[in-house]
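Residue numbers begin at 1 in each chain, while the letters A, B, ... track the order of the sequences. Keep in mind it's a predicted model, so treat the numbers as computed, not measured.
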Protein chains: 2
Amino acid sequence: MAQVKSNYQFEDMLQKHNLKKTAPRLRVLSMMYSKNTATSQPDLESVMNDIDRVTLYRILNVFEEKGIIHKVFDLNGTANYAVCHSDCQENHHHDEHLHFNCTACKNVYCLNELNIPKLTLPAGFEPQAFTIYASGLCPKCSKKGTAKVN
Amino acid sequence: MAQVKSNYQFEDMLQKHNLKKTAPRLRVLSMMYSKNTATSQPDLESVMNDIDRVTLYRILNVFEEKGIIHKVFDLNGTANYAVCHSDCQENHHHDEHLHFNCTACKNVYCLNELNIPKLTLPAGFEPQAFTIYASGLCPKCSKKGTAKVN
DNA sequence: ATATAAATGCAACATTATTGTATTTAGAAA
DNA sequence: TTTCTAAATACAATAATGTTGCATTTATAT
């Protein structure tokens, strides 16, 4: 579900992280919070096509550093960005949830509800983080057949 | 463990998939089979720098189509290629194993032994494939601290 | 030995990402 | 409010990665 937040809340978020409240940053925030799926870098660029590409990259980078968003690569290796759900902190992400990549509409869903089961790795491997990727049909596309959603 | 195969076996592999036995293809095969980790696209390019970049892309693509290798993106979104372990067939990969990305040496290990536990997704999601990524220290690097391995 | 389909090499181009610097602007201070 | 300054944005240039079309070469079937 897309989180509904006011512009005031986005301004607060920026302030909390010692980031200046600028128009480009507020627009990126409000776009990403309005969706329940991750946003691909190409999509971001085309929607925000009046903002300089480099500015976009830098905004995404600081947001990621600050733990506001996280980056996830889809099946094609394309970067997707999604808001972090709960307890991400600066340089310390907790995005160990399942990422679902729909093969029809290409959307990437962050399924935060799902916990990743404990896994025992072969001797010597010292895992620090896990992510699971699943691909298949999302609810909208499994209903509609393979019709394009969005 | 790197699989030891002779050039004859690589030629057989190509023949079995109706691919011509060419020098570039044999070199790519023997390189990938000599390693127990995936090979990044940049690494491949620099090792095979006398082979045309486009040829390399095309070789990797057919090998992937034929189920000889599979592609996996590492933490930075870089493409990595690894030999498929057992029952991959043309256009039907079974690479549902765990990919371990070492944060020190950057190597990507395919841990085929490990089975991925069954997961139940929220209603409506129809998963067709899973991959788990883990990151942390691989056996070599956890021993050596953060020293560069290879 | 030769014919030919397939593979490679090369050139051009598209997309994605990075770096440096000048200009603009948010927010602090006067 | 006005002024100052560090931070953010815009712009230019470049690097890295991936794709397409076509001429040339080569593996292999005849």
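Nucleotides of DNA chain D with any atom under 4.0 Å from a heavy atom of chain B span, from 5' to 3', D/dT17 to D/dT28.
Atom CG of A/L19 and atom C1' of C/dA28 are 17 Å apart (whole Å).
Taking the charged nitrogens against the carboxylate oxygens, B/D43 and B/K106 have no contact shorter than 4.0 Å, which rules out a salt bridge.
With sequence neighbours excluded, no residue satisfies ring-ring contact (aromatic ring centres under 6.0 Å, His included) with A/Y81.
The cluster map of Ile, Leu, Val, Met, Phe, Trp and Tyr, joined by side-chain heavy atoms under 4.5 Å apart, puts B/M32 and B/I59 in the same cluster. Note on A/L98: it clusters hydrophobically with B/L98, by side-chain heavy-atom contacts below 4.5 Å among ILVMFWY residues.
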Worksheet item: Is there a side chain to side chain contact (heavy atoms under 4.5 Å, CB included) between A/T39 and A/V28 once you walk through the steps?
Response: CA-CA 10 Å; A/T39 310; A/V28 170; over 6 Å; no

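When only modelled atom types and interatomic distance are considered, B/Q41 and B/E45 share a side-chain donor-acceptor pair under 3.5 Å.
Taking the centre of each ring, B/F100 and A/F125 come in below the 6.0 Å mark.
When every heavy atom of A/C110 is checked against every heavy atom of A/H70, the shortest pair comes out as SG-NE2, 3.6 Å.
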Fill in: Annotated protein contacts, base or backbone, on nucleotides 8-18 of chain C with a non-hydrogen cut-off under 4.0 Å, one of B, S, - each
SBBB----BBB

